[in-house]
2 protein chains.
Amino acid sequence: MNRKPATAAAPSRAITKEDVARAAGVSHITVSRVINTPEKVAPATRERVEAFISSMGYIPNMLAGGLASRRTRIVAAIVPTISHSIFAETVRGLSEQLSLQGYQLLLGQTNYSEEAETGLVEAFIGRRVDGLVLTGVQHSVRTRQRLKAAGIPVVETWDLTAQPIDMLVGFDNHAAGHAMGQYLHRKGYRRMAFVGGEDPRGLARYAGMRAALLAQSAAEPVHLVMPMGSFLQAGREAICRLLALQPGIDAAFFSNDVLAAGAALECARRGIAVPQRIALAGFANLDIAPEVLPALTTVQISAHQIGLTAAEMLLTRFDGDAVTQTVCDLGYAILERDSA
Amino acid sequence: MNRKPATAAAPSRAITKEDVARAAGVSHITVSRVINTPEKVAPATRERVEAFISSMGYIPNMLAGGLASRRTRIVAAIVPTISHSIFAETVRGLSEQLSLQGYQLLLGQTNYSEEAETGLVEAFIGRRVDGLVLTGVQHSVRTRQRLKAAGIPVVETWDLTAQPIDMLVGFDNHAAGHAMGQYLHRKGYRRMAFVGGEDPRGLARYAGMRAALLAQSAAEPVHLVMPMGSFLQAGREAICRLLALQPGIDAAFFSNDVLAAGAALECARRGIAVPQRIALAGFANLDIAPEVLPALTTVQISAHQIGLTAAEMLLTRFDGDAVTQTVCDLGYAILERDSA
DNA sequence: TTGAAAGCGCTAACAC
DNA sequence: GTGTTAGCGCTTTCAA
């Protein structure tokens, strides 16, 4: 199946603005203008230069351009992992919106490690990205220092805080958890559990739910921490563990829909009536939420919109305009379906 | 919730190698060495310089470095969409492996448009990426020309071809479809359908399945094309359409597990016995495949490994070594479970 | 409307 | 072990 052993290619020398300029009989700056500000070039000259650009297959070196202009037209995004569809959606939104304006997206994954985030932030600053999108509002001191020193536009996402580094688009995780806690309590459930990971946002949702229950003098919810990984399987295991450890439990709020869907699947398999025996609630309103049986009651948020909005904020800044609304609260909504 | 209107920050002037050099009383080249080849610097000098780098918070400008050295340490990946977990897995593998060596990932999405791919390739060449990872083996002439002219290392993924642009890691989609066709036929199913999108790889799987059935003198499979979007829902709709249009149908092979899972969920909902009334087979062995009821028979491939391998190939090239195995066939395997 | 000069911050090649 | 000299390919500012 193999072909010739491939060695490093020999890029003789890439073609430059000078080459095009020489061929077209103008100076390189004119070529530059044809590309960046065509309206400032005489139509005749422009057409001739364009013809040469095209026939010679000239592609401007944006590295050199970026160095000279101090604008790279690159935005970096840092997410815990691209494997979780919520973050994938945010990244998709970002990338789509950014590419409309000729910006490119550099992607970094932290795997939920703050240390990794710090490293990525430094790497991206080193690449002189025009803007940075961070997940969450919790960052190392070093990250904050670097960001401040670099002075580049930053958008934090997926959460809310009173002291954003710069801009922010997200929703109140604590309030969302609180709302679900109230909802479940109102529905008559009294012995609840929260199932999730240990990321700050999941923890905030748990805290919100807990606060809601305590405010109603209801029992404190069981907090079951599951490892991040295959959420579906984790959800199945979680429901088994919950039922075994706390037979009296009557409702479970999961940190995301996939976890909840796994639980629903397991209940179906074991003939456990949902929501009669145990109610299930998810988070995010992912594709899977309405599809399992029973359809999942969940908290609706918009992962994709987070990416879109973050991109818009950044783009506004890049245009030199001031972003008046530096904090964008996208909100959330309890979506009642059949599982709780 | 708003704070001060945010305006473009004033990055007075980023600190450079010169600044550090002056402070440490050495020349800028020594600072450069401390960063890039510390072993070539006297320990005493090194430590002093390192102290200044750290205390001054110096972050090298990789744009300038890249321009001078002609190496950006950036790899670009182009996928149809990051929303489909198979591609997200590939991107995750790529990013993980690359970041181990200090490389960063630029991400582009085509939304299955060849034209978009062409544009992205040009943009990435303009950014002088060190390597490029493409999805599939079908590309515009222009893309091929540009890539050839640029002479940068390229890895095509997710398919196989006799004439790769450069390097290749994937598996034979036609053969995988063929194998599933044979499997289903062997299992006794005779009136089959294929459900998928119109991407080249899905089409190849359909063609393979069709060839297998025709070789057995079995009936030609029905080919149902579903729009890309919410796969779960598309899977549900597909099974409804199939059963309505072709009541005699006894097996359906879906272009991916999510589609198949949607169908399984709908069958469960409507009390349609799987695999007795209709057998269901998926593709990719995603997390969801073993979790639905009945567990999905599918074709196992490794999306994550594709990313890992592509990164390794590229990294080998970057090290100046020749990649002897330019084509890596990761293979596939029929995974028999309960649905077919 | 077009061009010349200067420099963005770094690395490569060669000297000392 | 360390420094000097030249660029890398582009944009910016100013001049014509």
Side-chain angles (χ1 to χ4, degrees), chain A residues 11-50 53 56-74 102 123 125-130 150 320, chain B residues 11-50 52-53 56-74 102 125-130 150 320:
Chain A
S12 50
R13 207 191 103 247
I15 167 166
T16 73
K17 271 194 172 42
E18 276 297 342
D19 300 326
V20 177
R22 216 172 355 247
V26 295
S27 89
H28 69 164
I29 185 65
T30 300
V31 180
S32 190
R33 288 207 183 91
V34 168
I35 292 171
N36 300 318
T37 49
E39 68 281 4
K40 293 187 176 173
V41 178
T45 324
R46 176 169 60 207
E47 275 168 36
R48 194 154 41 85
V49 171
E50 274 167 351
I53 288 179
M56 300 175 74
Y58 170 61
I59 298 183
N61 183 334
M62 300 201 66
L63 227 52
L67 181 60
S69 69
R70 297 159 174 289
R71 302 192 65 194
T72 52
R73 296 189 159 262
I74 290 185
I125 290 176
R127 299 199 180 274
R128 299 299 188 264
V129 298
D130 288 343
Chain B
S12 50
R13 206 191 103 249
I15 167 166
T16 73
K17 269 192 173 42
E18 277 296 341
D19 300 327
V20 178
R22 219 176 348 254
V26 294
S27 88
H28 70 169
I29 191 65
T30 299
V31 180
S32 188
R33 290 207 182 91
V34 167
I35 292 170
N36 300 318
T37 50
E39 69 281 3
K40 293 187 176 173
V41 177
T45 325
R46 177 170 61 208
E47 274 168 38
R48 193 154 42 84
V49 172
E50 274 167 351
F52 276 102
I53 287 178
M56 299 174 76
Y58 170 62
I59 298 183
N61 183 333
M62 299 200 67
L63 227 53
L67 182 60
S69 69
R70 297 159 174 289
R71 302 193 65 196
T72 52
R73 297 190 159 262
I74 290 185
I125 289 176
R127 299 201 179 272
R128 299 299 187 265
V129 297
D130 288 344

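Proteins come first, then strands; the chains are lettered A, B, ... in the order of their sequence lines, and each starts at number 1. None of these values were measured; they are calculated from a predicted model. Side chains included, hydrogens not; waters and symmetry mates left out as well; all remaining heavy atoms used.
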**Message:** What is the separation between atom NZ on Lys40(B) and atom P on dG1(D), rounded to the nearest whole Å?
**Reply:** 10 Å

**Request:** Output all residues satisfying side-chain contact (heavy atoms from CB on, under 4.5 Å) with Leu63(B), sequence neighbours left out; order by chain, then residue number.
**Result:** Leu63(A), Thr72(A), Arg128(A), Asn61(B)

Which pairs, protein N/O on one side and nucleotides 14-16 of chain C N/O on the other, fall under 3.5 Å?
none

**Fill in**
For Ala68(A), the side-chain contact (heavy atoms from CB on, under 4.5 Å) test, sequence neighbours excluded, returns none

**Prompt:** How large an angle, rounded to 10°, do the end axes of the helix from dT1(C)-dA16(D) to dC16(C)-dG1(D) enclose when each is built from five base pairs?
**Reply:** 30°

**Message:** Is the phosphate of dT2(D) approached by Thr45(B) (side-chain N or O, under 4.0 Å from OP1 or OP2)?
**Reply:** yes

**Any Ile74(B) side-chain heavy atom under 4.5 Å of Arg127(B) side chain** = no

**Message:** Rounded to whole Å, please give me the gap between CZ in Arg22(A) and P in dG3(C).
**Reply:** 14 Å

**Item:** Closest contact, heavy atoms only, Ile15(A) versus Gly57(A)
**Value:** CG2-O, 4.2 Å

**Asked** Can you tell if the side chain of Arg48(B) reaches within under 4.5 Å of the side chain of Thr45(B), non-hydrogen atoms only?
**Response** yes

**Asked** Heavy atoms, side chains only, cut-off 4.5 Å: are Val20(B) and Val34(B) in contact?
**Response** no

**Prompt:** Are any side-chain N or O atoms of Arg46(A) and backbone N or O atoms of Pro38(A), one a donor and one an acceptor, separated by less than 3.5 Å?
**Reply:** yes

**Message:** Can you give me the closest heavy-atom contact between Val49(A) and Ala24(A), atom names plus distance?
**Reply:** CG2-CB, 4.2 Å

**Complete:** From CD1 of Ile125(B) across to P of dG9(D) the rounded distance in Å is 16 Å

Interface polar pairs with nucleotides 6-10 of chain C, N/O, under 3.5 angstrom:
| from | atom 1 | to | atom 2 | distance (Å) |
| --- | --- | --- | --- | --- |
| dC8(C) | O3' | Arg70(A) | NH2 | 3.1 |
| dC8(C) | O2 | Ala68(A) | N | 3.4 |
| dG9(C) | OP1 | Arg70(A) | NH2 | 3.0 |
| dG9(C) | N2 | Ala64(B) | O | 3.3 |
| dC10(C) | OP1 | Tyr58(B) | OH | 2.2 |
| dC10(C) | OP1 | Asn61(B) | N | 3.2 |
| dC10(C) | OP2 | Lys17(B) | N | 2.6 |

**Whole-Å gap separating C1' (dT11(C)) and CZ (Arg71(B))** = 12 Å

**Message:** Please enumerate all residues that pass side-chain contact (heavy atoms from CB on, under 4.5 Å) together with Asn36(B), with sequence neighbours excluded.
**Reply:** Ser32(B)

**Taking every non-hydrogen atom, the tightest pair across Pro60(B) and Ile35(B)** = CG-CD1, 3.8 Å

**Message:** Could you tell me if the side chain of Val26(B) sits less than 4.5 Å from the side chain of Phe52(B), heavy atoms only?
**Reply:** no

